[in-house]
Amino acid sequence: MSTTANVFDPRIYAQGIPHGTYRWLRDHDPVHWQAEHEVGDWPAGPGFWAVTRHADVVRVLRTPTEFSSWLGATQIRDPDPADLSFIRRMMLNLDPPDHGRLRRIVSGVFTASRIERFTSSVAARARLLIDEIVERGECDLPADVTDDYPIHNLADLLGIPPADRGQILKWTNRVIGYQDPDHATTVHGPDSKPVNPRSPAMLTDMFEYAHSLAAYKRRNPASDVMTALATAEVDGQRLTDPELSMFFFLLVIAGNDTVRSALPGGMLALLGHPDQHRRLLDQPELLGSAIEEMLRWHPPVLSFRRTAVRDTVVAERHIAAGDKVVVFHGAANFDERRFPDPMRFDIARQPNDHVSFGDGPHVCLGSHFARLQLRAFYRELLWRLPDVQLSGPPVRLVSNFIGGIKHLPLHYTPAPRLGIE
């Protein structure tokens with residue numbers, strides 16, 4: 001391995017987490033200057049510092065006074081300067097104290113008690129989806145099951161009408177899958193450069209829908225999260241319409257794709273370790289810790305970007321104010337300095353402080369709902385189809401941001417449908 005190690009190219013991740021490269025970087029160059037080369041229609045960028053050790057990743061995520069989400073937003077590629085002020089409205093791209101104000105409003109909506117009210121409907125949906133494939137003896141897990149599961153759960157949570165739910169998948173693929181040839185719908189601007197899928201021009205339809213939905217919920221309040229967001233107040237303050245639209249974008253994209261990626265990724269990890277699969281079937285009480293190990297093994301989010309606020313030093317590297325700093329969750333989750341024997345998949349691993357849902361002030365707000373969905377789904381699949389096995393290689397998303405799996409062929413002994421009353 002040389003110092004030209006590449007952890008930027010999205011095509012690398014179509015082969016899985018580059019463990020060899022990550023390990024070399026953690027051992028020899030844990031804060032590595034990474035060239036940001038041209039990929040397809042997407043032009044080269046200025047480069048960034050790639051952070052791969054767990055302790056350094058946590059430091060970057062926990063210290064917004066040194067590493068800002070606001071200065072350059074949180075995606076590796078720089079946004080168009082004309083779009084930056086728009087992108088900075090999203091809570092994901094804010095620093096304290098502005099981030100804290102929005103987080104308090106939204107946290108008052110995303111309470112554990114509100115989320116837990118959806119437990120029975122999430123479990124029922126998991127059973128229904130598994131019912132649809134149990135008699136076949138085979139399925140493609142993402143295409144047949146898990147692509148739909150989080151979309152409908154999220155739509156229930158938000159109060160999105162059933163007729164509109166297919167649009168969520170289209171929006172998600174457009175924003176998340178822009179690097180993947182199966183999902184990319186590249187639009188070129190007047191300068192012939194591709195338009196960022198997170199730019200205002202590409203999100204008009206989503207924001208118009210968010211405005212309409214919020215207005216409807218104010219007129220027709222219900223017990224869903226969109227109603228609560230549209231009417232919530234903290235210290236006399238409500239979300240502004242632009243803030244509400246950006247939060248809708250965050251929920252629809254992040255709230256859907258993290259679970260959509262984690263479900264088949266966790267299943268792939270478990271099926272790749274038959275001894276742990278059998279152990280879990282024999283010890284269902286380990287499901288909670290097994291899910292955490294699945295998340296460690298297959299982080300749904302691969303990377304996040306920050307921008308250095310001032311000159312600083314990380315792992316003996318001098319980082320200049322304004323430099324891009326990108327943390328790699330898949331590298332941190334396998335850091336030998338934090339996880340004993342990290343390449344051992346252990347469903348009872350304790351402690352397991354992976355960073356798959358982030359850390360610091362931007363730790364995933366929806367992680368409780370994500371875990372609720374994972375528990376309900378695995379409970380339904382694993383014990384109803386105990387002999388499930390891979391029947392072909394997985395096909396992964398081409399992305400350096402989301403660890404998506406597009407296809408995961410499985411086979412199993414057909415089982416009877418249970419039915420839903």
R77 CZ to Q75 CD distance, which is reported to the nearest 0.5 Å: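 Rounded to the nearest 0.5 Å, the CZ-CD separation comes to 11.5 Å.
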
Between H354 and F339, ring centroids under 6.0 Å: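 Ring-ring flag for H354/F339: false, centres at least 6.0 Å apart.
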
Side-chain (N93) to main-chain (W70) donor-acceptor, under 3.5 angstrom: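 Pair absent, no side-chain N/O of N93 close to backbone of W70.
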
Donor-acceptor under 3.5 Å (R279 side chain, D346 main chain):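 No; judged by distance alone, with no hydrogens or angles, the pair does not exist.
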
Test salt bridge (Lys or Arg N to Asp or Glu O under 4.0 Å) applied to R165 and D148, D147, D156, the passing residue: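 Only one of D148, D147, D156 forms a salt bridge (Lys or Arg N to Asp or Glu O under 4.0 Å) with R165, namely D156.
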
Qualifying ring-ring contact (aromatic ring centres under 6.0 Å, His included) pairs with a residue from residues 146-172, counting only residues at least two apart or across chains: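 Sorted pair list: Y149-F377, W171-Y209.
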
Residue pairs passing the ring-ring contact (aromatic ring centres under 6.0 Å, His included) test where at least one lies in residues 85-106, sequence neighbours excluded: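 Pairs touching residues 85-106 that pass the test: F86-F207, H99-H362.
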
Would you say [Y] and [X] are linked by a side-chain donor-acceptor pair, where the criterion is simply a distance under 3.5 Å?
| X | Y | answer |
| --- | --- | --- |
| E116 | S113 | no |
| D140 | H407 | yes |
| N352 | E292 | no |
| R306 | S68 | no |

Positive for ring-ring contact (aromatic ring centres under 6.0 Å, His included) with W49, one of F8, W33, F328: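 Single ring-ring contact (aromatic ring centres under 6.0 Å, His included) partner of W49 among F8, W33, F328: W33.
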
Lys/Arg cation over aromatic F48: R305, 6.0 Å, 45° cone: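 Pair R305/F48 does not count as cation-pi.
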
Whether H19 and F334 hold their rings parallel, tilted or perpendicular, with breakpoints at 30° and 60°: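 Taking F334 first and then H19, their aromatic rings stand perpendicular (interplane angle over 60°).
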
Mutual orientation of the aromatic rings belonging to F304 and H329 [parallel < 30°, tilted 30-60°, perpendicular > 60°]: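 If you compare the ring of F304 with that of H329, the planes turn out tilted.
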
Salt bridge D257-R260, side-chain N to carboxylate O under 4.0 Å: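 Salt bridge: yes.
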
Side chains of V106 and L229 in contact at under 4.5 Å (non-hydrogen atoms):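 With C-beta onward as the side chain, the pair touches.
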
Residues which pass side-chain contact (heavy atoms from CB on, under 4.5 Å) with R53, listed by chain and number, not counting sequence neighbours: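 Applying side-chain contact (heavy atoms from CB on, under 4.5 Å) to R53 gives R26, P30, D56, D335, R337.
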
